[in-house]
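Reviewing the structure listed below.
Source: prediction; values computed, not measured.
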Amino acid sequence: MVYPVNIIEPITAGVDEVGRGALFGPVVAAAVILPELDDLPSPLASLYQGGEVTDSKKLTKKRRSHLASEIQAIALDCKIGIASVREIDRLNILQASLLAMRRAVLRLKCRPNLVLVDGNQQIKDLSIPQKVIVKGDSKCLAIAAASIVAKVWRDTLIIRLAKKYPVYDLTNNKGYGTHKHKQGILNYGLSPQHRLSFSPCQLSLFTV
């Protein structure tokens, strides 16, 4: 079943996270409440065609950035939540991802009646009703919007951190475990923003 935006409750938020598989940097989530489909500007409404939502991962960087600006301009509410590298190492990446989602939802000034969560895990300790949707960013416009906003926000952060940590090719890999990134770890060691609980960051297990 496809959930266009707000067909279940009057105020529905979509939430998604990005950066789960990266070796470097925080995991970032966004929570987005969109207006009704009929009120959306055409660039955003065009993502929703024939009961399906365009996968945000298939968008070009330029279009994703443009849509992130559109979403933030027209959203009834849109907030970011993060879980730090240390929280990832302490909790594990799944729990840290859910924590980032929870923080994003709780930062919303407009309290939703329902939260649509990408994936198959509900957010812990959240008093608002939830519905999990596997591959939600391809089925639900609000989740797709959250995915776009979170990715653009995180990419911007990683590019900024790349200036501080230039040896890992972060501008290109956004913290993921590419060959150049792993070679940078091998040559220069780990930074404070690397996830020590991830096996590629454990030098005793390290392979390029």
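In this model, a donor atom of one side chain and an acceptor atom of the other lie less than 3.5 Å apart for S191 and H194.
The nearest pair of heavy atoms linking A13 to L108 is CB-CD1, 4.0 Å. The shortest heavy-atom contact between V27 and S97 is CG2-OG, 3.7 Å. Among all heavy-atom pairs drawn from I93 and R195, the shortest one is CD1-NH1, 3.8 Å. In this structure, D16 and D118 approach most closely via the heavy-atom pair OD1-OD2, 3.0 Å. Minimum interatomic distance between R86 and P192 (heavy atoms only, all atoms of both residues): NH2-O, 2.7 Å. For the residue pair M101 and V117, the shortest heavy atom distance occurs at SD-CG1, 3.8 Å.
Under a 4.0 Å N-O distance rule, the pair R103/E87 qualifies as a salt bridge. Salt-bridge formation is not detected for the pair K135/D137: no Lys NZ or Arg NE/NH1/NH2 atom is positioned less than 4.0 Å from an Asp or Glu carboxylate oxygen.
To the nearest 0.5 Å, the span separating CD1 on I80 from CZ on R154 amounts to 11.5 Å. Taken from CG in N113 to CD1 in I128, the straight-line distance is 9.0 Å, to the nearest 0.5 Å. Atoms OG and CG, on S197 and D89 in that order, are 3.5 Å from each other to the nearest 0.5 Å. Taking NZ of K182 as the reference point, atom SG of C201 lies at 9.5 Å (rounded to 0.5 Å). Atom CG of residue L34 and atom CD1 of residue I143 lie 11.0 Å apart, to the nearest 0.5 angstrom. With values rounded to the nearest 0.5 angstrom, L94 atom CG is found 9.0 Å from E17 atom CD.
For residues 130-165, the pairs satisfying ring pair (Phe, Tyr, Trp, His ring centres under 6.0 Å) are F24-Y165, with sequence neighbours left out. Every pair passing salt bridge (Lys or Arg N to Asp or Glu O under 4.0 Å) that includes a residue from residues 155-177 is listed here, sequence neighbours excluded: K151-D155.
A donor-acceptor pair is defined here as one N or O able to donate and one able to accept, closer than 3.5 Å; no such pair exists between the side chain of K180 and the backbone of Y168. Side-chain atoms of Q130 come within 3.5 Å of backbone atoms of I123 as a donor-acceptor pair (strictly under, hydrogens ignored). In terms of modelled atom types and a separation under 3.5 Å, the side chain of T156 and the main chain of V152 share a donor-acceptor contact. A distance-only check finds a donor-acceptor pair linking the side chain of H181 to the backbone of Y176 [under 3.5 Å].
A continuous path of Ile, Leu, Val, Met, Phe, Trp and Tyr side chains, each step under 4.5 Å between heavy atoms, connects L196 with Y188, placing both in one hydrophobic cluster. Under a hydrophobic clustering in which Ile, Leu, Val, Met, Phe, Trp and Tyr are joined whenever their side-chain heavy atoms come within less than 4.5 Å, directly or via other members, L99 and V15 fall into different clusters. Grouping the Ile, Leu, Val, Met, Phe, Trp and Tyr side chains by contacts below 4.5 angstrom, directly or via other members, places L106 with V132. Taking hydrophobic clusters as Ile, Leu, Val, Met, Phe, Trp and Tyr residues chained together by side-chain heavy-atom distances below 4.5 Å, I71 shares a cluster with I74. At a threshold of 4.5 Å between side-chain heavy atoms, the hydrophobic network of Ile, Leu, Val, Met, Phe, Trp and Tyr places V167 and L157 in one connected group.
Contact check for V149 versus C78: side-chain heavy atoms found under the 4.5 Å cut-off.
In this view, A150 and V18, V28, A30 satisfy the side chain to side chain contact (heavy atoms under 4.5 Å, CB included) rule, not counting sequence neighbours.
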